[in-house]
Visitor: 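Below is the structure I would like to discuss, written out as structure tokens.
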Amino acid sequence: MKNFFCALAALLLLPVLAFAELGPGDMAPDFSMQGSDGKTYTLADFRGKRAVVVAWFPKAYTSGCTIECKSLAQNGLLIREYDVSYFMASVDPLEDNVGFAAETGADFPLLSDPEKQAAEAYGVLHTLGFAKRHTFYIGADGKVLKIDRDVKPATSAEDMARTLGELGVARR
């Protein structure tokens with residue numbers, strides 16, 4: 001009978017553990033996503049080398065996402081002062097992100113996760129099937145430094161650069 005209750009307790013806790021929210025100090029889930037620049041990016045490739053920022057966005061060609069992407073494109077020099085690789089990511093098909101990157105003048109890769117595996121791992125997949133607008137700051141050690149769940153599209157580049165400084169990410 002004791003084994004039955006232990007098994008029942010484990011079964012009831014499993015969904016809670018499966019949906020535990022990612023937070024600072026946790027290892028960032030690895031991903032492998034195609035970029036709008038034709039390359040495939042894997043988080044593990046940056047481990048031990050540099051910090052990474054992944055700015056998830058809901059949908060290419062929408063108002064807020066266009067504003068955010070243009071902010072990063074027009075003010076990317078602020079971000080590039082730091083030893084960091086940065087990306088925007090969505091669950092849009094690669095073709096959409098390629099066109100969106102060209103339209104917004106993005107000089108950084110937009111990553112595509114059409115199978116939604118990375119979005120699920122990062123806890124950003126909305127019940128309606130798009131990614132929530134959250135930005136993940138990941139240290140060179142692969143651990144989450146910060147998650148910004150209150151991204152302001154118009155000032156995203158300035159906010160990202162300020163946050164990198166606050167987190168102590170090395171300057172180039």
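Count residues from 1 along the sequence.
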Visitor: After noting the C-alpha distance and the side-chain angles of I79 and F108, does the key distance pass the side chain to side chain contact (heavy atoms under 4.5 Å, CB included) rule?
Guide: CA-CA 11 Å; I79 301 164; F108 57 91; over 6 Å; no

Visitor: Kindly compute the distance separating CG (D26) from NZ (K143), expressed to the nearest 0.5 Å.
Guide: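 So the gap between those two atoms works out to 9.5 Å.
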
Visitor: For M160 and A55, which heavy atoms make the closest approach, and how far apart are they?
Guide: CE-CB, 4.2 Å

Visitor: Can you name the nearest heavy-atom pair linking L145 to P24, along with the distance?
Guide: O-CB, 3.7 Å

Visitor: Within the structure provided, determine whether P153 and K70 are in side-chain contact (heavy-atom separation under 4.5 Å).
Guide: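 In short, these two side chains do not touch, never coming nearer than 4.5 Å.
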
Visitor: Following the transitive rule for hydrophobic clusters with a side-chain heavy-atom cut-off under 4.5 Å over Ile, Leu, Val, Met, Phe, Trp and Tyr, establish whether I138 and M33 coincide in one cluster.
Guide: yes

Visitor: Indicate yes or no: at least one non-hydrogen side-chain atom of L110 is less than 4.5 angstrom from one of F57.
Guide: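 L110 reaches F57 side chain to side chain.
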
Visitor: For the residue pair Y61 and E103, establish whether any side-chain heavy-atom pair is separated by less than 4.5 Å.
Guide: yes

Visitor: Nearest 0.5 Å, please: how far is CD1 in I67 from NZ in K152?
Guide: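 Taking NZ in K152 and CD1 in I67, the distance rounds to 14.0 Å.
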
Visitor: If we only count heavy atoms from C-beta on, is the W56 to K132 side-chain gap below 4.5 Å?
Guide: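 They are not in contact (no side-chain heavy atoms under 4.5 Å apart), so the answer is no.
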
Visitor: Partners of L128 by side chain to side chain contact (heavy atoms under 4.5 Å, CB included), sequence neighbours excluded?
Guide: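 Checked L128 against side chain to side chain contact (heavy atoms under 4.5 Å, CB included); matches are H126, F130.
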
Visitor: Specify the closest pair of heavy atoms between R172 and V84, including all atoms of both residues, with the distance to one decimal.
Guide: NH2-O, 2.9 Å

Visitor: Rounded to the nearest 0.5 Å, how far does NZ of K59 lie from OG1 of T66?
Guide: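 Rounded to the nearest 0.5 Å, the OG1-NZ separation comes to 11.5 Å.
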
Visitor: Does the side chain of E158 come within less than 4.5 Å of S71's, by heavy atoms?
Guide: yes

Visitor: Quick one: do I147 and V53 end up in the same hydrophobic cluster if we chain Ile, Leu, Val, Met, Phe, Trp and Tyr together by side-chain heavy atoms under 4.5 Å apart?
Guide: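 Each belongs to a different hydrophobic cluster.
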
Visitor: How close do A121 and L22 get, counting heavy atoms only, and between which atoms?
Guide: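 Result for this residue pair: O-CD2, 4.4 Å.
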
Visitor: Does the side chain of Y82 reach to within under 4.5 Å of the side chain of T163, using non-hydrogen atoms?
Guide: no

Visitor: Of the non-hydrogen atoms in P58 and C65, which two are nearest, and what is the gap between them?
Guide: CD-SG, 3.3 Å

Visitor: With a 4.5 Å cut-off on side-chain heavy-atom distances among I, L, V, M, F, W and Y, is there a chain of contacts connecting V169 to F87?
Guide: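 No, because V169 and F87 fall into different hydrophobic clusters, even though each may have its own neighbours under 4.5 Å.
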
Visitor: Report yes or no: does K116 contribute a side-chain atom to a donor-acceptor pair with the main-chain N or O of G129 at less than 3.5 Å?
Guide: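 Side chain of K116 to backbone of G129: a pair is present.
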
Visitor: Atom CG in L72, atom CE in M88: separation rounded to 0.5 Å?
Guide: 6.0 Å

Visitor: Rounded at 0.5 Å granularity, tell me how far OG1 in T104 sits from CG in N97.
Guide: 9.5 Å

Visitor: Measure from the side-chain N and O atoms of D113 to the backbone N and O of A118, and report whether any donor-acceptor pair falls under 3.5 Å.
Guide: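 The answer is yes, because a donor-acceptor pair under 3.5 Å joins these two groups.
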
Visitor: Is the shortest side-chain N to carboxylate O distance from E166 to R162 below 4.0 Å?
Guide: yes

Visitor: Going by heavy atoms in the side chains, are S90 and F100 under 4.5 Å from each other?
Guide: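 S90 vs F100: side chains apart.
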
Visitor: CZ of R149 to CZ of F136: how many Å apart, nearest 0.5 Å?
Guide: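 Spacing of CZ (R149) from CZ (F136) equals 6.0 Å.
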
Visitor: Is D107 close to R80 at the side-chain level, that is, under 4.5 Å between some pair of heavy atoms?
Guide: yes

Visitor: Please table the atom pairs, donor to acceptor, closer than 3.5 Å between any side-chain atom in residues 39-50 and protein atoms at least two apart or in another chain.
Guide:
from	atom 1	to	atom 2	distance (Å)
Y41	OH	D37	OD2	2.4
T42	OG1	S32	OG	3.3
K49	NZ	D45	O	3.2
R50	NE	D83	OD1	3.3
R50	NH1	S85	OG	3.4
R50	NH2	D83	OD1	3.0

Visitor: Using the test side chain to side chain contact (heavy atoms under 4.5 Å, CB included), find all partners of D148 that sit at least two apart in sequence or belong to another chain.
Guide: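 Testing D148 for side chain to side chain contact (heavy atoms under 4.5 Å, CB included), a comparison that skips the adjacent residues, returns T135, Y137, D150, V151.
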
Visitor: For G35 versus L94, what's the shortest heavy-atom pair and its separation?
Guide: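 Nearest pair, atom of G35 first, then L94: O-CD1, 3.5 Å.
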
